[in-house]
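The structure under discussion appears below in the form of structure tokens.
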Amino acid sequence: AQTVTQSQPEMSVQEAETVTLSCTYDTSESDYYLFWYKQPPSRQMILVIRQEAYKQQNATENRFSVNFQKAAKSFSLKISDSQLGDAAMYFCASFYGGATNKLIFGTGTLLAVQP
Amino acid sequence: ETGVTQSPTHLIKTRGQQVTLRCSSQSGHNTVSWYQQALGQGPQFIFQYYREEENGRGNFPPRFSGLQFPNYSSELNVNALELDDSALYLCASRLGYRGGAMGGYTFGSGTRLTVV
């Protein structure tokens, strides 16, 4: 079965500091995509960053970057220069084409940003 | 470019009733997926529609059904509501049937369903 695991239910970071959220996944597929989504209290899932599995280079989007370790099936999110607006629930998700053709989410990490 | 809109935002129903949730996909998107997010959990895939046909289904009973219309908007219907159906229901749209994931899913803000 394809699974996504987030082992940190809650994390806290000081404003302007750096925090890393962990995610591991399990699959036998060779072609897949990985995502980090942010869900603020407004409930809308907002795409933070995405990574194609076939790319070795780690994706970056401004203050957000990932550490993609394909052999270890690990996909962590690093948030640099944390801001109060970064406080939210963060979900790691995987997408597989073919017969699966759906997003599989982890259970989420609640990030608090302390002023 | 409009995003994904869902209605209603909140809903309270009684056990055994039926409910219909609605979703307008983002302009240009022809694929709509529905997810159930229980409190404190990650979203779980219910089903997906592509050009008015269901092309994927998660582990949900048949009383969860859906429709997609020619304008690519969609409905989620749940019959014989149970207390465990209380959750946030998210709709997501994207362009493409397969391999379009990198075009990204756009999510709505969800419908909060409470079954009492």
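First the proteins, then the strands, lettered A, B, ... as listed; each starts at 1. Since we're looking at a predicted model, the values are computed, not measured.
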Any chance you could measure [X], atom [atom1], to [Y], atom [atom2], to the nearest 0.5 Å?
| X | Y | atom1 | atom2 | answer |
| --- | --- | --- | --- | --- |
| A:Met45 | B:Leu88 | CE | CG | 8.0 Å |
| B:Tyr105 | A:Arg50 | OH | CZ | 12.0 Å |
| B:Arg94 | A:Leu103 | CZ | CG | 8.0 Å |
| B:Gln37 | A:Arg43 | CD | CZ | 10.0 Å |

Give a yes or no on this: more than 12 heavy atoms of other residues, nucleotides or ligands lie within 6.0 Å of atom [atom1] of [X].
| X | atom1 | answer |
| --- | --- | --- |
| B:Leu39 | CG | no |
| A:Lys55 | NZ | no |
| A:Lys73 | NZ | yes |
| A:Ile46 | CD1 | yes |
| B:Asn59 | CG | no |
| B:Arg63 | CZ | yes |

Toward chain B, the part of A:Ser42 with a non-hydrogen atom under 4.5 Å: backbone
Side chain / backbone / both / neither for A:Gln39 at chain B, heavy atoms under 4.5 Å: side chain
Options B:Ala92, B:Pro43, B:Gly108, ranked by heavy-atom pairs under 4.5 Å with chain A, top entry: B:Pro43
Could you tell me which of B:Gly110, B:Gly40, B:Gly58 has the largest number of non-hydrogen atom pairs under 4.5 Å with chain A? B:Gly110
Check whether the ring centres of A:Tyr37 and B:Phe107 lie less than 6.0 Å apart, and answer yes or no. yes
Could you check whether A:Phe105 and B:Tyr35 have their ring centres less than 6.0 Å apart? yes
Given the rule that I, L, V, M, F, W and Y join up when any side-chain heavy atoms are under 4.5 Å apart, are A:Leu47 and A:Tyr33 in one cluster? yes
